[in-house]
Amino acid sequence: MSQARILVVDDDRAFRLSTAALLRSDGHTVDVVGDGAAAVQALRAHPFDLVVLDIRMPGIDGLGLVEALRLWGDHIPVLMISGYGTVDAAVRALQLGADDFLTKPVEPDVLTARVAALLERRPSLHTHAPNPGGMVGRSPQIRDVIAAIRRVAPSAANVLISGETGTGKELAARAVHQLSDRAQSAFVPVNCAGLSDGVLESELFGHVRGSFTGSVRDRVGMFESADGGTIFLDEIGDMSVALQLRLLRVLQEREVTRVGASFPIKVDVRVVAASNRDLKGLVAEGRFREDLYYRLAVFPVVLPALRERSSDIPLLVEHALAALRMAHAGRERLSCSPFAIRLLRAHEWRGNVRELFAVVERAAIEASFHRIEAQHLPADVRERGTPRLADVRYRAAGPDDDEQAAIQAALEETDGALGRSAELLGMGRTTLWRKLRRYGLTARDELRVDD
């Protein structure tokens with residue numbers, strides 16, 4: 001095991017010093033800090049190979065810090081340690097991007113073994129090659145989708161991708177193509193919705209000159225263009241029954257006949273189809289051919305709705321921000337506050353990823369391409385997300401770090417207004433004023449308190 005630079009973050013002085021001594025005895029360089037804020041400064045000042053991180057700390061806790069690390073795009077391996085060894089805590093830590101989890105008290109041999117294992121995986125952890133097709137996410141749902149795509153891609157099987165509008169069906173189709181032995185050939189997308197039968201037929205199969213009014217030259221169809229590669233038939237459920245029959249013959253015979261032509265043309269094309277509609281239901285209604293359905297659905301892939309994988313929202317937001325920073329010169333300061341991220345995660349996203357990207361772009365404009373705060377988000381996003389503050393709202397016997405997080409979130413939501421923050425938190429203005437002093441926070445309207 002090679003030497004590494006390790007950051008130990010824990011508010012328990014005895015634990016962080018003993019951990020540092022243990023790791024130094026293995027030849028590592030070890031820095032120690034006692035809270036999340038100091039950890040942020042250390043991480044920005046020096047490159048580290050590993051972070052050993054406590055969950056419960058004052059101010060920025062371990063979960064918030066690992067989430068921020070992944071939001072920044074930093075893939076330093078993180079070993080999370082907690083004195084509260086619940087399954088929920090471990091699952092939450094791993095969902096947010098931690099690489100391993102231990103419960104205190106930690107046996108020295110176990111700690112050094114886990115550290116060694118993480119350091120050995122450094123190349124793969126640091127590289128984090130992008131998901132195929134440009135798909136963004138680390139949630140179990142997306143991992144399952146990518147695993148299914150990796151299984152089917154090397155085969156010649158047709159694939160049917162289903163999912164709500166905006167879930168990324170074309171990205172999934174591109175991933176199938178990218179991971180197949182056809183990757184060096186064409187990927188040809190066709191949207192079957194909104195086109196008349198005549199236009200779609202000509203687009204798919206081509207036509208010869210004079211086959212209909214206005215056809216002054218031969219036209220190569222999409223199937224011919226995709227020869228040797230992949231054709232992606234999006235919104236296949238909107239195709240008429242007559243065209244479904246022509247498509248079925250193409251899949252059966254592996255040949256197309258241009259409109260107006262008298263001879264077929266052989267094609268070698270893999271078909272990936274997609275629909276946001278229930279094709280089985282359309283089959284039952286007689287609006288989609290059953291034999292075509294089974295030809296297309298050799299290997300079905302179902303994409304989850306964004307609300308089912310909200311843990312991916314920070315990554316998706318950063319992906320959208322990175323694209324906006326690239327598209328607008330001089331916008332390097334564009335970012336999104338943690339509370340705005342919380343509100344985005346709480347939203348239902350009926351339009352899924354497409355809607356999220358539109359909201360982020362609008363918010364970036366509202367924020368003048370600086371830091372997106374809660375007030376820059378649409379009202380429906382703020383209104384749905386704000387009740388989630390109840391999860392960290394003021395509790396008389398609650399831990400200080402939860403209380404401070406709630407107060408900071410309320411100040412951000414209300415643009416620093418003392419009275420509105422107190423109302424949101426469910427406490428009196430005097431009480432909130434005292435707590436602001438305690439945590440070193442300030443409010444915009446520090447007026448005479450009245451309770």
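Any value given below was found using the heavy atoms of this structure, including those in side chains, with hydrogens, waters and symmetry copies removed.
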**Report entry** Salt-bridge present (Arg325, Glu318; N to O < 4.0 Å)
**Finding:** yes
Report summary line: Applying ring pair (Phe, Tyr, Trp, His ring centres under 6.0 Å) to Phe223 and not counting sequence neighbours gives Phe205
Query raised in the report: Yes or no on side-chain contact (heavy atoms from CB on, under 4.5 Å) for Phe299 and Val176, after CA distance, side-chain angles and deciding distance?
Result: CA-CA 11 Å; Phe299 193 94; Val176 172; over 6 Å; no
Donor-acceptor pairs are to be reported for all side-chain atoms of residues 237-249 against protein atoms at under 3.5 Å, with residues two or more places apart or in another chain.
unit_1, atom_1, unit_2, atom_2, d
Asp238, OD1, Arg277, NH1, 2.8
Ser240, OG, Asp197, OD1, 3.1
Ser240, OG, Asp197, OD2, 2.9
Ser240, OG, Leu243, N, 3.3
Gln244, OE1, Arg289, N, 2.8
Gln244, NE2, Met239, O, 2.8
Gln244, NE2, Arg287, O, 3.3
Arg246, NH1, Glu201, OE2, 2.6
Arg246, NH2, Thr257, O, 2.5

Query raised in the report: Would you call Arg219 and Glu203 a salt bridge, taking side-chain N to carboxylate O under 4.0 Å as the test?
Result: yes
Query raised in the report: CD/Glu164 to CD/Glu355 distance, rounded to the nearest 0.5 angstrom?
Result: 11.0 Å
Requested in this report: May I ask you to check whether Asp312 and Ser139 show a side-chain donor-acceptor distance below 3.5 Å?
Outcome: yes
Report task. Could you list the residues that satisfy side chain to side chain contact (heavy atoms under 4.5 Å, CB included) with Ser162, not counting sequence neighbours? Result -> Val302
Report task. Flag yes if more than 12 heavy atoms outside Glu290 fall under 6.0 Å of its CD atom; otherwise flag no. Result -> no
Query - Within residues 241-271 or reaching into it, pairs that qualify as ring-ring contact (aromatic ring centres under 6.0 Å, His included) - sequence neighbours excluded - result: none
Report task. Please list, chain by chain and in numerical order, all residues satisfying salt bridge (Lys or Arg N to Asp or Glu O under 4.0 Å) with Asp268, sequence neighbours excluded. Result -> Arg182
**Report entry** From Arg345 atom CZ to Leu356 atom CG, the distance as rounded to the nearest 0.5 Å
**Finding:** 12.0 Å
Requested in this report: Would you please name every residue forming a ring pair (Phe, Tyr, Trp, His ring centres under 6.0 Å) with Phe232, sequence neighbours left out?
Outcome: none
Requested in this report: Might you confirm whether atom CD of Glu285 has over 12 heavy atoms from other residues, nucleotides or ligands at distances under 6.0 Å?
Outcome: yes
Report summary line: CE (Met80) and CZ (Phe101) are apart, to the nearest 0.5 Å, by 8.0 Å
